[in-house]
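Owing to the predicted nature of the structure, the values given are computational and were not obtained by experimental measurement. Note that ligands are numbered from 1 as they come in the structure, with each ligand's atoms numbered from 1 the same way. Reckoned from all heavy atoms, side chains included, excluding hydrogens, waters and symmetry mates.
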Amino acid sequence: MQYNTLGKTGLEVSKLSYGASPLGSVFRNISEAEGIRTVHTAIDMGINLIDVSPYYGQTVAETVLGKALKSVPRDKYILSTKAGRYGSEFKDFDFSAKRIEKSLEESLERLGTDHVDILFLHDIEFGDLKQVYAEALPCLQSLKEQGKVRYIGVTGYPLKMFSETLKSGIDIDAILTYCRYALHDTSLESVIPALKEKQVGIINASPTAMGVLTERGAPDWHPGSAALVDAGNKAIALCQAKGVNITELAMQYATAHPDIASTLVGTANPDNIVKNVKWVDGEMDTELAEEVAELFKGIDNTWPSGHPENQD
Ligand code: NAD
């Protein structure tokens, strides 16, 4: 496993990291024992960054992850969780300082630890950015001073959320972006230079575009257009014809960018983690990757997320 420095945090994070949302049964109903085995397998394979949120499975993912981490020494993993998002509708977001403080206390309890390494504000495009910059991020800074979190950052889908945060002048350590650097879309590249200039660490999530680039295909709740799902199905067929598992190609492609410190993949299947780690260490079929990426060009490969004024 390769390790990269996460911006100015100095944290050495594994190139491939573990996203714990499937532990909350967001893709399919999972067995808790299998979920716990997946976490242990990830750590055994050299993965040291684990990401979760109270939102995943309405706190279930944090609870299952907490059970898995009970037997693992705290210095064996770097843990990120989030605050501000608790459901799918606008009413389920709360970026007030009071709720963030309470949310972190609840997360620490579920995760069985006294601090998290990174606390992210979860999907800020659903919030009022004025409140995010005047209240929520200052609250995170205060939690950092108290030692309850080591580093802070924001997550979101519109790339504008990262440029706006940089413009706000508030010092953040890392961002978590998803579905913006994978075979179907590489638009993250437009914000990388500004993030690098401020030494903000980049964590990229969803190398399979939340299931589009897997043989099982996109889940019913996937927010992408019919054209995106259709291109995904064509990509699966193209890879099958060449005898390549599309997820192998997707993992290799998303993890190849030198400015992305770590890429989060989610699964609750230990065998998938083993495969993913082996794949990212393997050689990518560059020609096939280009052919697949071509299928997503000129189609509607992004989607709206959050308030209209927060779209790209
Ligand atoms: P992903 O691209 O990692 O896709 C997960 C899907 O891929 C699951 O259905 C899983 O079963 C499947 N999969 C994984 N490995 C496989 C393999 N080897 N073979 C076949 N299928 C495989 O997307 P994701 O889970 O949404 O993202 C990863 C993590 O990133 C999340 O768990 C979460 O921690 C984080 N994330 C954060 C945000 C945010 O903060 N807003 C958004 C998206 C993701």
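When heavy-atom distances to ligand 1 are checked against a 4.0 Å cut-off, V265 comes that close through both its backbone and its side chain. Contact annotation for S53 and ligand 1: no heavy atom of the residue comes within less than 4.0 Å of the ligand. In A20, the part holding a heavy atom less than 4.0 Å from any atom of ligand 1 is the backbone. If you look at D51 next to ligand 1, the close heavy atoms, those under 4.0 Å, come from the backbone and the side chain alike. Neither the backbone nor the side chain of M251 has a heavy atom within less than 4.0 Å of ligand 1. Proximity of T208 to ligand 1, defined as any heavy-atom pair under 4.0 Å, is shared by backbone and side chain alike. In N272, the parts holding a heavy atom less than 4.0 Å from any atom of ligand 1 are both the side chain and the backbone.
Heavy atoms of Y157 stay at 4.0 angstrom or farther from ligand 1. Remark: distances from the non-hydrogen atoms of R216 to ligand 1 include one below 4.0 Å. Close to ligand 1: W279, with a non-hydrogen atom less than 4.0 angstrom away. At least one heavy atom of K82 lies less than 4.0 angstrom from ligand 1.
The OH atom of Y253 sits 8.0 Å away from the CD atom of E290 when rounded to the nearest 0.5 Å.
A salt bridge does not link K275 with D271: every distance from a Lys NZ or Arg NE/NH1/NH2 to an Asp or Glu carboxylate oxygen is 4.0 Å or more. With respect to K102 and E105, no salt bridge is recorded, no charged nitrogen being found less than 4.0 Å from a carboxylate O. Between K144 and D171, none of the side-chain N atoms (NZ, or NE/NH1/NH2) sits under 4.0 Å from a carboxylate O, so this pair counts as no salt bridge. Electrostatic pairing of D117 and R74 counts as a salt bridge here, judged by a charged N lying under 4.0 Å from a carboxylate O. We find that K148 and D114 are not joined by a salt bridge, their nearest charged nitrogen and carboxylate oxygen being 4.0 Å or further apart.
Residue-ligand proximity, A209 to ligand 1, at heavy-atom distances under 4.0 Å covers atoms 2 (O). Those atoms of ligand 1 that come under 4.0 Å of a heavy atom in T155, given as number and element, are 39 (C), 40 (O), 41 (N). Atom numbering of ligand 1 starts at 1 in the shown order; those under 4.0 Å from a heavy atom of G19 are 29 (C), 31 (C), 32 (O), 34 (O). Each of the following atoms of ligand 1 lies closer than 4.0 Å to a heavy atom of A205: 30 (O), 35 (C), 36 (N), 44 (C). Set against the non-hydrogen atoms of D123, the atoms of ligand 1 under 4.0 Å away are 39 (C), 41 (N).
With sequence neighbours excluded, no residue forms a salt bridge (Lys or Arg N to Asp or Glu O under 4.0 Å) with E135. In this structure, the salt bridge (Lys or Arg N to Asp or Glu O under 4.0 Å) partners of R180, at least two apart in sequence or on a different chain, are D185, D312.
Among Y56, Y55, Y18, the residue whose heavy atom sits closest to atom 38 (C) of ligand 1 is Y56. Nearest residue to atom 28 (C) of ligand 1 from L264, V274, I273 is L264 (criterion: closest heavy atom).
Taking only nitrogen or oxygen atoms, main chain and side chain alike, G266 reaches within less than 3.5 Å of ligand 1. Here's the thing with T267: none of its N/O atoms is less than 3.5 angstrom from an N/O atom of ligand 1. Considering backbone and side-chain N/O of S206, one or more are found under 3.5 Å from N/O of ligand 1. Here's the thing with P22: none of its N/O atoms is less than 3.5 angstrom from an N/O atom of ligand 1.
Relative orientation of the W303 and H184 rings is parallel, given thresholds of 30° and 60° on the angle between their planes. Between H307 and F90, the ring planes lie parallel to each other; the angle is under 30°, not in the 30° to 60° tilted range. Relative ring orientation between H122 and Y55 is described as perpendicular, the plane-to-plane angle rising above 60° on a 0-90° scale split at 30° and 60°.
Defined by atom type and a distance below 3.5 Å, a donor-acceptor pair is missing between the side-chain atoms of T177 and N204.
Residues Y157 and Y178 place their aromatic rings such that the two centres sit under 6.0 Å apart.
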